[in-house]
Peer 1: 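Here it is, the structure, as structure tokens.
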Amino acid sequence: MPELPEVETTRRKLEPLITGRRVVRVEHDAPHKYRDTHLAHGRLVSALGRRGKYIIASFEPEEGEPDVELVVHLGMTGGFRPEAGRHTRVTLHLDDGTALFFQDARRFGKWAVVPAGEYASMPTLRLMGPEPLGDAFDEAAFVELASRAGAVKPWLLSQVPVAGVGNIYADESLWRARIHPAQTRLTREEAVRLRAAIREVMAEAVAVGGSTLSDHTYAQPDGVPGGFQASHHVYAREGEPCARCAAPVTKIVLGQRGTHFCPACQVLRGDAAGRAS
DNA sequence: CTCCCGTCCTGTGGGC
DNA sequence: TGCCCACAGGACGGGA
């Protein structure tokens with residue numbers, strides 16, 4: 001589950017390897033998952049950016065060449081490695097003779113070369129909310145949106161209120177903010193706490209290179225594991241005592257997602273609406 | 001419009 | 001020990 005911290009860590013490691021390099025060829029055998037990659041052939045990478053969980057490579061403008069960018073989503077298990085492996089799905093050949101190997105055991109990752117800034121085929125990217133660590137993540141706007149939202153966790157996962165939050169960081173942020181994952185229509189106080197929690201969790205996770213889970217599907221491109229899993233308070237900690245109140249962490253399914261929370265300090269406020277099985 | 005569900009994929013692990 | 005099946009889940013499309 002690469003989420004913002006894992007994707008940002010990946011971007012930072014990749015950046016010096018790819019910027020200023022020319023793409024010689026993008027090699028793969030699944031054109032429906034890695035769309036129009038031939039349009040990147042011969043192009044000079046000018047920058048490697050990120051929006052939410054998407055890595056976006058920009059190219060130097062060139063006479064007669066379309067203004068395109070390469071968009072990469074790591075899916076659940078995607079990541080770049082310095083060497084080919086059993087699950088290498090895409091090989092990005094560069095003009096210095098090196099190559100980047102995109103490994104993706106479960107094949108949920110996607111690549112596409114698209115007209116720059118044109119995300120018609122990627123609605124989630126098109127409707128992406130503000131970066132959680134940027135100035136555009138405005139408190140008043142978040143409070144207002146949250147006051148009308150349905151169940152808060154699925155709402156966060158939609159990427160609309162804020163970019164880059166996935167299953168792990170949603171659970172961790174809600175635990176810090178002491179909000180039940182199924183809570184609807186957040187109060188002003190709840191929304192303020194949640195926004196702050198998201199920023200804290202994301203900043204801390206980015207600082208330690210993201211989370212590497214027990215299945216080891218995520219590692220940084222150099223193979224070094226992330227460090228934030230040690231700071232998980234609820235994710236994958238079902239049955240363990242809550243660090244705040246010692247009640248056992250509970251796992252439910254909400255919006256078809258495994259959802260971890262403390263039933264004692266994340267209490268659902270009246271008004272029904274949200275429920276879980 | 002919102003909400004819910006199925007689909008894509010395959011490695012892992014829990015159960016028997 | 002060995003086998004098998006359920007599970008994990010981000011994005012997205014379709015149906016209610």
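It should be emphasised that the depicted structure is a prediction, and the values quoted were computed from it without experimental measurement. Hydrogens, waters and symmetry mates are skipped; everything else that's a heavy atom, side chains included, is used. Within every chain, numbering begins at 1; the chains are lettered A, B, ... in the order of the sequence lines, protein sequences first and strands thereafter.
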Peer 1: What is the distance from NE2 of A:His87 to P of B:dT10, rounded to the nearest Å?
Peer 2: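 A:His87 atom NE2 is separated from B:dT10 atom P by 9 Å.
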Peer 1: Mind calculating the distance between CZ (A:Arg89) and C1' (B:dG11) to the nearest angstrom?
Peer 2: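 So the two atoms are 11 Å apart, to the nearest Å.
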Peer 1: Could you check how far CH2 of A:Trp155 sits from P of B:dC1, rounded to whole Å?
Peer 2: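 Spelled out: CH2 on A:Trp155 to P on B:dC1 is 18 Å.
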Peer 1: Starting from P on B:dC9, measure out to CG on A:Asp29 and report it in whole angstrom.
Peer 2: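 Rounding to the nearest Å, CG of A:Asp29 and P of B:dC9 are 12 Å apart.
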Peer 1: Are A:Arg89 and A:Tyr34 in a cation-pi contact, defined as NZ or CZ under 6.0 Å from the six-membered ring centre and within 45° of the axis?
Peer 2: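 Not satisfied by the 6.0 Å and 45° rule.
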Peer 1: Roughly, in whole Å, what's the span from CZ in A:Arg106 to P in B:dC8?
Peer 2: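 The distance from CZ of A:Arg106 to P of B:dC8 comes to 17 Å, rounded to the nearest Å.
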Peer 1: Could you state the atom-to-atom distance from CZ of A:Arg107 to P of B:dC9 in whole Å?
Peer 2: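 Rounding to the nearest Å, CZ of A:Arg107 and P of B:dC9 are 8 Å apart.
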Peer 1: For A:Gln256 and for A:His32, find the nucleotide of DNA chain B with the closest heavy atom, then tell me which residue's nucleotide is more 5'.
Peer 2: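 Nearest-nucleotide comparison on DNA chain B picks A:Gln256.
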Peer 1: Flag the pair A:Arg11 and A:Glu8 as a salt bridge only when some basic side-chain nitrogen lies within less than 4.0 angstrom of an acidic carboxylate oxygen.
Peer 2: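 Judged by the 4.0 Å cut-off on N to carboxylate O distance, A:Arg11 and A:Glu8 do form a salt bridge.
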Peer 1: Quick one: A:Leu145 CG to B:dT2 C1', roughly how many Å, whole number?
Peer 2: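 One finds 15 Å between C1' of B:dT2 and CG of A:Leu145, rounded.
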Peer 1: May I ask you to say whether A:Glu62 pairs ionically with A:Arg22, meaning some side-chain N is under 4.0 Å from a carboxylate O?
Peer 2: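 Yes, charged N to carboxylate O under 4.0 Å.
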Peer 1: Rounded to whole Å, how long is the line connecting atom CG of A:Leu254 with atom C1' of C:dA8?
Peer 2: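 One finds 16 Å between C1' of C:dA8 and CG of A:Leu254, rounded.
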Peer 1: Atom CD in A:Gln103, atom CZ in A:Phe80: separation rounded to 0.5 Å?
Peer 2: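 Rounded to the nearest 0.5 Å, the CD-CZ separation comes out at 11.5 Å.
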Peer 1: In sequence, state the C-alpha distance, the side-chain angles, and the governing distance for A:Val114 and A:Asp36, and then conclude on side-chain contact (heavy atoms from CB on, under 4.5 Å).
Peer 2: CA-CA 8 Å; A:Val114 300; A:Asp36 299 322; over 6 Å; no
Peer 1: Which atoms of nucleotides 11-13 of chain C (N or O only) lie under 3.5 Å from a protein N or O atom, and what are those distances?
Peer 2:
{"unit_1": "C:dA11", "atom_1": "OP1", "unit_2": "A:His73", "atom_2": "NE2", "d": "2.7"}
{"unit_1": "C:dA11", "atom_1": "OP2", "unit_2": "A:Lys53", "atom_2": "NZ", "d": "3.4"}
{"unit_1": "C:dC12", "atom_1": "OP2", "unit_2": "A:Thr124", "atom_2": "N", "d": "3.0"}
{"unit_1": "C:dC12", "atom_1": "OP2", "unit_2": "A:Thr124", "atom_2": "OG1", "d": "2.3"}

Peer 1: Tell me whether the count of non-hydrogen atoms from other residues, nucleotides or ligands lying under 6.0 Å of CZ in A:Arg126 goes above 12.
Peer 2: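 Yes.
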Peer 1: When all nucleic acid strands are considered with a 4.0 Å heavy-atom cut-off, which category describes A:Gly258: base, sugar-phosphate, or nothing?
Peer 2: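 Sugar-phosphate: the residue A:Gly258, judged by heavy atoms under 4.0 Å, touches backbone atoms but no base.
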